[in-house]
2 protein chains.
Amino acid sequence: MPTVSSEELAAAAGVNSAKLRKDFSYLGSYGTRGVGYDVEYLVYQISRELGLTQDWPVVIVGIGNLGAALANYGGFASRGFRVAALIDADAAMTGKLVAGMPVRHTDELEKIIVENEVSIGVIATPAGAAQQVCDRLVAAGVTSILNFAPTVLSVPDGVDVRKVDLSIELQILAFHEQRKAGEGGAPAEAEGAVGVEGAAAKVTKPATTADSDRAGDDNKGPDGDVPAVMPA
Amino acid sequence: MPTVSSEELAAAAGVNSAKLRKDFSYLGSYGTRGVGYDVEYLVYQISRELGLTQDWPVVIVGIGNLGAALANYGGFASRGFRVAALIDADAAMTGKLVAGMPVRHTDELEKIIVENEVSIGVIATPAGAAQQVCDRLVAAGVTSILNFAPTVLSVPDGVDVRKVDLSIELQILAFHEQRKAGEGGAPAEAEGAVGVEGAAAKVTKPATTADSDRAGDDNKGPDGDVPAVMPA
DNA sequence: ATGTCTTTGTGAACGCGTGCACAAAGATGG
DNA sequence: CCATCTTTGTGCACGCGTTCACAAAGACAT
């Protein structure tokens with residue numbers, strides 16, 4: 001199949017064909033009227049626009065379970081990412097092979113960054129070490145950081161940080177799961193698990209509101225639509 | 001600070017105060033006019049709505065580096081998730097302690113799900129095993145799946161799947177990094193890294209368009225705004 | 001008790017993104 | 001070379017979410 005129409009692509013992706021065409025048009029006019037889009041050419045153009053045709057050297061700092069998992073992750077190489085080095089603060093780890101690559105010590109961090117012209121760093125350290133590692137990465141020239149540590153990093157302007165919270169997705173699933181179970185009393189209720197049990201009784205709200213606890217009210221929003229409190 | 005106003009919260013979160021109030025109103029009328037929101041009560045209500053006050057037993061299948069990292073992840077317990085069991089297909093892993101918990105063999109999967117009333121499963125297996133594990137989880141009663149394996153899972157209606165691609169975030173960083181480097185020739189260009197080098201020359205487009213390669217065109221969208229091809 | 005002041009809750013307006021619908025473009029066949 | 005048919009590229013309109021702005025509610029001081 002050398003060409004595809006926007007209609008076919010849209011159907012496959014489950015989106016509107018007009019939107020797909022409009023999106024493509026931002027990249028330029030790469031389609032041929034009456035025929036469609038040349039598949040190979042389209043793939044190339046999108047890849048290039050997304051930066052997939054570039055070689056991005058990255059370092060992974062913190063080679064614990066997560067760091068090792070990331071080092072072994074196959075999806076990186078196929079997207080143009082090249083793991084330039086694995087770095088860990090534990091001297092006992094130095095030289096060990098992870099994903100076929102020797103772990104380097106933190107002392108060499110700056111040198112590694114500069115020599116490999118690394119601009120993207122991945123932090124998979126414990127929370128306590130994250131900010132310190134981040135500062136060193138930035139000082140050495142890294143301008144984009146992917147943070148897996150459960151901390152909010154502060155960085156100077158011009159540096160991008162993206163935080164990945166592995167439990168967020170689980171949270172979203174649990175939210176929908178709660179909905180499936182119905183509004184009524186869900187199973188395995190563990191009141192006070194977050195350490196605020198009795199909060200509803202302590203507050204100064206009228207007892208009627210606090211005690212009824214929303215059981216039975218229809219939870220309509222101000223505009224009358226369904227409750228929109230829903231992650232992603 | 002026993003209470004907060006929507007204005008303070010909005011400023012802290014960097015959002016509009018009216019939107020924040022409207023969002024809160026979907027949960028009910030928990031504020032007090034002239035005062036604000038009772039912090040403790042508000043935290044409790046939001047926690048409850050989000051499902052944080054419930055106890056969610058989960059199983060993690062595939063105890064490799066990633067599975068182990070997830071088992072050790074601190075963020076789960078604090079959000080109401082309880083790891084009911086770690087499951088792996090490798091008999092050599094059975095009984096080993098990971099995050100202070102013995103690894104169970106896949107043979108016991110169904111039993112574990114049923115006994116613990118697990119409704120959420122996490123798949124951290126290699127891609128090849130994911131669908132099979134998924135099918136068994138669903139058959140045993142799991143209705144929400146968090147998939148870390150690089151495969152698209154097919155599930156019956158009523159089952160939610162969320163796929164986590166660890167390289168997506170890296171991709172987004174690289175995209176912005178590319179933008180920072182300017183439109184001109186970026187460093188470390190690796191033409192053809194995705195195996196389509198020469199694609200621009202092979203296609204049947206007029207040579208003028210293909211060769212100019214968009215250098216110099218202003219890349220305006222159909223409505224005249226800035227190029228909106230930008231992940232997240 | 002009454003007035004003033006603060007802050008909520010929400011109706012209404014605005015703006016942006018999505019989808020519709022069609023003219024222009026190009027391929028294909030006669 | 002012309003007619004027809006397919007598919008793109010995009011102006012336009014609709015709808016939804018965000019923001020504005022204000023009336024109602026309650027606290028607090030006098």
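Residue numbers start from 1 in every chain, and the chains themselves are labelled A, B, ... in the order their sequence lines are given, proteins ahead of strands.
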### Query
Given side chains that start at C-beta, do those of B/Pro156 and B/Val138 come closer than 4.5 Å, heavy atoms only?
yes
### Between C/dT7 (C1') and B/Asp38 (CG): distance, integer Å
15 Å
### Task
Please state how far atom CZ in B/Phe24 lies from atom P in C/dT10, giving the value in whole angstrom units.
14 Å
## Note on the structure
On a heavy-atom basis, the closest approach of A/Leu66 and B/Ala69 is N-CB, 3.5 Å
#### Entry: Aromatic ring proximity, centroids under 6.0 angstrom, A/Tyr37 and A/Tyr30
no
### Query
NA contact type, B/Ser6, heavy-atom cut-off 4.0 Å: base, sugar-phosphate, or nothing?
sugar-phosphate
### Message
Just to verify, what does B/Asn116 make a side-chain hydrogen bond (donor to acceptor under 3.5 Å, both in side chains) with, not counting sequence neighbours?
### Response
none
### Message
Within this structure, what is the CZ-CH2 distance for the pair B/Phe175 and A/Trp56, rounded to the nearest 0.5 Å?
### Response
10.5 Å
### Message
Could you tell me how far apart B/Tyr30 (OH) and C/dT7 (C1') are, to the nearest whole angstrom?
### Response
19 Å
### Message
Nearest whole Å is fine: how far is D/dT18 P from B/Asp23 CG?
### Response
7 Å
### Query
So what does B/Tyr37 hit on the nucleic acid, given a heavy-atom distance under 4.0 Å: a base, only sugar-phosphate, or nothing?
sugar-phosphate
### Message
Using whole Å, what does the distance between atom P of nucleotide C/dG19 and atom CD of A/Glu7 come to?
### Response
13 Å
### Query
Looking at residues at least two apart in the chain, or sitting in another chain, which of them share a salt bridge (Lys or Arg N to Asp or Glu O under 4.0 Å) with A/Arg82?
A/Asp55
## Note on the structure
B/S/- along nucleotides 20-30 of chain C (protein heavy atoms under 4.0 Å) is BB--BB-S---
